[in-house]
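Below: the structure, in structure tokens.
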Amino acid sequence: MEDKYSISVVGHVDAGEYSFKAVQRELKEELGIDPHTIAIEFLFSYRQDVTVAPTYIDRQINDVYMCVMDRVDPKNIQYHTKDVAEVQWVPFEDFIKMVEGASDTSDLVPVYGKACQEIVYFLNQHGT
């Protein structure tokens, strides 16, 4: 989907792998960030069913993590240009507005709307 914001690091957990290790691996693969130089915090898990086709429902358990780090210049982040047009920092207040308007017409990829709503709710509830 073009011209939409998406979640920065998304991936599947390999067989026998813990989700935390998958986050570390995907952070390095997708953004070129050394996972040992930042704080990674588990937030929560949730279940999501996505109907991909009338005969195919993708059932997922999603573990959500947050990375805390000093500001990094997006120009220094390494990503695959065939998959990503650019990386931008979005202030949390702007992120909340995107999430509240999560629909086909918002700036956010619709499939991640629920995950982002859960992130905003969780962070607001826990004062993060």
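No experiment lies behind these values; they were computed from the predicted model shown. Side chains included, hydrogens not; waters and symmetry mates left out as well; all remaining heavy atoms used.
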Gap separating the [atom1] atom of [X] from the [atom2] atom of [Y], nearest 0.5 angstrom:
{"X": "Ile33", "Y": "Cys67", "atom1": "CD1", "atom2": "SG", "value": "7.5 Å"}
{"X": "His126", "Y": "Tyr121", "atom1": "NE2", "atom2": "OH", "value": "8.5 Å"}
{"X": "His12", "Y": "Arg25", "atom1": "NE2", "atom2": "CZ", "value": "10.5 Å"}
{"X": "Ile119", "Y": "Asn124", "atom1": "CD1", "atom2": "CG", "value": "12.0 Å"}
{"X": "Glu26", "Y": "Leu31", "atom1": "CD", "atom2": "CG", "value": "10.0 Å"}

**OP:** Please answer whether the main-chain N or O of Leu43 pairs with a side-chain N or O of Tyr65 as donor and acceptor at a distance below 3.5 Å.
**Re:** no
Original post:
Distance-only, no hydrogens or angles: does the Glu30 side chain make a donor-acceptor pair with backbone N or O of Val10 under 3.5 Å?
Top reply: yes
Less than 4.5 Å apart, any side-chain heavy atom of [X] and any of [Y]?
{"X": "Met98", "Y": "Val90", "answer": "yes"}
{"X": "Met66", "Y": "Leu123", "answer": "yes"}
{"X": "Ile40", "Y": "Pro35", "answer": "yes"}
{"X": "Tyr18", "Y": "Val13", "answer": "no"}

Subject >> Greater than 12 external heavy atoms within 6.0 Å of Phe42's CZ >> reply: yes
Original post:
Which class fits the ring pair Phe122 and Phe44: parallel under 30°, tilted 30 to 60°, perpendicular over 60°?
Top reply: tilted
Restricting to side chain to side chain donor-acceptor pair (under 3.5 Å), what partner residues turn up for [X], sequence neighbours left out?
{"X": "Gln78", "result": "none"}
{"X": "Ser45", "result": "Asp63"}
{"X": "His36", "result": "Asp34"}
{"X": "Asp14", "result": "none"}

**OP:** Not counting sequence neighbours, which residues clear salt bridge (charged side-chain N to carboxylate O under 4.0 Å, His left out) with Glu118? List them please.
**Re:** Lys114
Under 3.5 Å donor-acceptor pairs involving side-chain atoms of residues 50-61, not counting sequence neighbours:
residue : atom : partner : partner atom : Å
Asp58   : OD2  : Gln60   : NE2          : 2.7

